[in-house]
Amino acid sequence: MKQKGVSKEVLMRMQALRALIEYHRALYHEKDAPEITDEAYDSLVSELQNLEEMSPSIGEGVSPRDVIGGAPSDAFKKVKHSVRQWSFDNVFDEAELSLWSDRVHKLLAGGGVSKPAPTYVAEHKIDGLKVVVVYEKGVLVRALTRGDGITGEDITHTVRTIKDVPHVLKEQISLIAVGEAWLPHKEFVRINALREKKGEPVFANPRNAAAGSVRQLDPEITRERNIRMFFYDIDFIDVVNTDVLSPDTQEDELALLKKVGCTVNPHFAVCRTLSDVVAYYTKWTPKKDAEQYGMDGVVVKINEISYQRILGYTAKAPRFGIAFKFPAEQATTIVEDIVLQVGRTGVVTPVAHLRPVRIAGSLVSRATLHNEDQIKRLDVRVGDTVIMQKAGDVIPEIVQVVLELRPQKTKPYVFPRKVPECGGDGAIERVVGESAYRCVAKNSDTLHRARLYYFVGKHAFNIDGMGEKIVDALLDAQLINSYADIFTLARGDVLALPHFKDTAADNLLTSIERARTVPLERLLISLSIAHIGNETARLIARHFKSLAAIRTATLDQLEAIHGIGSVVAHSLYVWMRTKDHMEELDRLLAHVTIVNPEEKEEQAFLGQIFVFTGTLATLSRDEASERVRDLGAHVASSVSKKTTYLVAGVEAGSKKELAESLGVQILNEEQFLALLSRATEG
DNA sequence: TCCCCTCGAGTTCA
DNA sequence: CTCGAGGGGA
């Protein structure tokens, strides 16, 4: 352990983290008004925890993470809980879960259980507000918030308005029942819309709205908000003078709660083994957003109450249960560097290099910063701690900088005027009115490489087995320099590359051979002409039908095409009249055969607009697009009122919702294939 | 001139 | 998937 070697920076970081965590903790628990998400908060806490573990001598004393919950506010009467209120420890993956279960088995064996065979109960972990309800001889007498676990606030008057909480139980038992109060997502949206209209501050999330709604002086406000509650635990039970049996298991507790009239979440499962628990977790992970309540994981408890007693509690949490949390969708990390990248069109994109961090199941180490304006807006600096999230499930983005954790002596990021990464003289410029810098270096090697990558890529010549690595190797070995050189590569040239043996070389040469025949639109795309992408190239190819016609087209002729305006027309016109470009094009034409577009007789889908989303099982999205285009349809990238069909594969995202709201017809894969085969037959 | 609709470009990870 | 910007109809 490096007890002594703890640097001053680490100490300062820990201090700053503690102060910040305390600040956010107070906002969350005492004011119901957090400024950052729980996940970002958890991420900060876990960083502090790690630092403290690495330097044990400093972790002592009061760290905010030792405090359970918050101190009760003065607005409501403080009441001491008769049973201490705990919260479970968290685990984030199967390995951690299995460690917990191992501990349980060991403790049970050591606790005198000869052959421990615990079963588990898995339940939805609801993201709401924990409420403790006290019944005496079947009558509701008091309801408390969790508070700091020892003392809670009296919220009896508002909890009485929740319809899932019976005022009188169906049996005259005395009971301390614990549940989670939550606000349906629909209600959250409705209430926030209302508040916004009135100019009141909106709630950050449903949980805070629930907390705010329950902590009202006027119970009518609570009633109006339609708060719900699920009961999940019994802290104390007295069944004297009734014929009710005391529960022996967690499963029995849930059954009893339900029997006496308390609402219980129906989606729990009794699991014989830990792999059943994992299966439950896996089953619910993709469905977690489908319910009206927020779910941030699965609570796993040892079913047998006799075992629970043996296991007992640590200083902070019960040992008989664990919260198996869903992967966090937000986390904090540190910006280690800001690096510039140059694309095929010369656009210079700043990318943040990050200390690797797990978000939504994957390890993220880079995130785009888009452009200079975005860096200014966020004021991201090297060394900053930032909150990260995944935009649309895949692409990491920086949400905000945690200013409190900014190291001293940092300076705002200055976008360089010269970019050596560009090659050549590194000159870049920013066109007025545009947000991107473009590399304008003469003879930029980077740009040259980027264009060649694109030329062999999927949308252009699509040369199989020729990726960026191979292009680099060919360039470095000076085997190619321009597009045309690719088609004069000899077998011996390829064999000279590292890692290339007979089969690999033959495969590559076959791919090149196949690429010698190219549809006109693909040739257009491959040339890296600004603004000429997939669709525009197709448009132009369809219209002129030959390269010769395109080369001689006037500005007016170009602009006359529906979908081509002055900017695109100018870009193409100028390109076709640049001497270097013409020479390169002529050299290329000596080696390739262009297939000109022809009129199709079969136009079953003429005038129809298709949009694809999600993954199709039987064919790729590109293949599917090709098929419908062959039948005269147009394939668009986003859904609008004009869309004829949205073809939705597995894991369709936001497009499907949009299509539903616009009333666009949605086809699943089966229906789509049926439509295709009908069209090709007829 | 103001929107709405598209397209192009850039990007991450398993 | 998102953002910025071009194209075109109202």
Side-chain angles (χ1 to χ4, degrees), chain A residues 327 329 331 333 338-354 356-375 377-378 388-399 430-439 446-447 450-451 453-454 457-460 468 521 524-540 558-572 609-615 621 625 634-644 651-659 662 664:
Chain A
E329 275 154 22
T333 190
I338 294 176
V339 172
L340 299 176
Q341 278 183 7
V342 183
R344 141 187 96 98
T345 57
V347 170
V348 179
T349 310
V351 176
H353 285 210
L354 309 161
V357 62
R358 282 204 93 70
I359 313 174
S362 58
L363 200 63
V364 170
S365 54
R366 297 144 59 89
T368 177
L369 290 163
H370 295 294
N371 51 50
E372 185 181 26
D373 295 348
Q374 175 80 352
I375 297 180
R377 203 156 36 227
L378 293 166
M388 302 286 311
Q389 72 179 17
K390 290 250 185 117
D393 267 4
V394 216
I395 295 165
E397 81 182 346
I398 296 180
V399 181
R430 185 174 171 172
V431 179
V432 182
E434 281 189 7
S435 53
Y437 278 93
R438 285 203 144 75
C439 159
T446 315
L447 215 47
R451 288 192 182 136
Y453 300 153
Y454 194 77
K458 206 172 74 175
H459 297 287
E468 303 193 356
E521 70 239 35
L524 272 182
I525 295 167
S526 75
L527 300 172
S528 284
I529 304 169
H531 301 115
I532 310 282
N534 246 321
E535 288 301 317
T536 314
R538 192 185 314 277
L539 220 56
I540 295 166
L558 287 167
E559 282 193 55
I561 304 172
H562 188 90
I564 307 277
S566 57
V567 175
V568 176
H570 184 256
S571 163
L572 181 64
I609 300 175
F610 282 71
V611 177
F612 293 93
T613 184
T615 322
R621 235 199 263 196
S625 310
H634 179 74
V635 178
S637 50
S638 57
V639 175
S640 74
K641 282 184 289 188
K642 296 187 202 161
T643 311
T644 320
E651 287 190 29
S654 56
K655 282 184 200 170
K656 195 168 170 183
E657 285 167 37
L658 183 62
L662 290 174
V664 169

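On a predicted model such as this, the values are computed, not experimentally measured, just so you know.
Using a 4.0 Å heavy-atom criterion, one finds that A/Ile561 contacts the sugar-phosphate atoms exclusively. Counting any heavy atom pair closer than 4.0 Å across all strands shown, A/His459 reaches no nucleic acid atom. Counting any heavy atom pair closer than 4.0 Å across all strands shown, A/Gln341 reaches sugar-phosphate atoms only and no base atom.
The side-chain heavy atoms of A/Glu372 and A/Tyr437, taken from C-beta on, include a pair separated by under 4.5 Å. A heavy-atom distance below 4.5 Å is found between the side chains of A/Gln341 and A/Arg366. Residues A/Ile532 and A/Leu527 have side chains not in contact (no heavy-atom distance under 4.5 Å, counting atoms from C-beta outward). Residues A/Val611 and A/Val664 have side chains not in contact (no heavy-atom distance under 4.5 Å, counting atoms from C-beta outward). Counting heavy atoms from C-beta on, the side chains of A/Asn371 and A/Gln374 come closer than 4.5 Å.
Atom CD in A/Glu468 sits roughly 12 Å away from atom C1' in B/dG10 (whole-Å rounding). Per the geometry, NE2 belonging to A/His634 stands 10 Å off C1' belonging to B/dC5, to the nearest Å. Between the CE atom of A/Met388 and the P atom of C/dC1 there is a distance of 18 Å, rounded to whole Å. To the nearest angstrom, C1' of C/dG6 lies 13 Å from CD1 of A/Ile540. As rounded to whole Å, 12 Å separates atom C1' of C/dA10 from atom NZ of A/Lys642. Rounded to whole Å, atom P of B/dG8 lies 14 Å from atom CG of A/Leu527. Whole-Å rounding puts the A/Ile525 CD1 to B/dA9 P distance at 10 Å. The distance between atom CD of A/Glu397 and atom C1' of C/dC1, rounded to the nearest whole Å, is 10 Å.
Of all nucleotides listed (B/dC13, B/dC5, C/dG9), B/dC13 comes nearest to the side chain of A/Arg366. Distance from the side chain of A/Val351 is smallest to B/dT12 among B/dC5, C/dG8, B/dT12. For A/Arg377, whose side chain is taken as the heavy atoms from C-beta onward, the closest listed nucleotide among B/dC7, C/dG4, B/dG10 is C/dG4. Comparing C/dG7, B/dC5, C/dC3 against the side chain of A/Lys641 picks out B/dC5 as the nearest. Distances from the side chain of A/Thr349 to the nucleotides C/dG4, B/dT11, B/dA14 place B/dT11 closest.
Close to B/dT6, at under 4.0 Å from its OP1 or OP2, lies a side-chain N or O of A/Ser640. An OP1 or OP2 oxygen of B/dC13 is reached within less than 4.0 angstrom by a side-chain nitrogen or oxygen of A/Ser365. A close approach under 4.0 Å does not occur between any side-chain nitrogen or oxygen of A/His562 and OP1 or OP2 of C/dG6.
Across the interface with DNA chain B, nearest-nucleotide mapping of A/Thr368 and A/Thr643 shows A/Thr643 to be the residue nearer the 5′ end.
Under the salt bridge (Lys or Arg N to Asp or Glu O under 4.0 Å) criterion, A/Arg538 pairs with A/Glu521, sequence neighbours left out.
Tested against A/Leu539, the residues A/Asn534, A/Ile561, A/Val568 include a single side chain to side chain contact (heavy atoms under 4.5 Å, CB included) partner, A/Ile561.
Looking at every heavy atom in both residues, A/Ala367 comes nearest to A/Pro396 through CB-O, 4.0 Å.
Of the residues in residues 529-538 of chain A, those with a non-hydrogen atom less than 4.0 angstrom from any atom of DNA chain B are A/His531, A/Gly533, A/Asn534, A/Glu535, A/Thr536.
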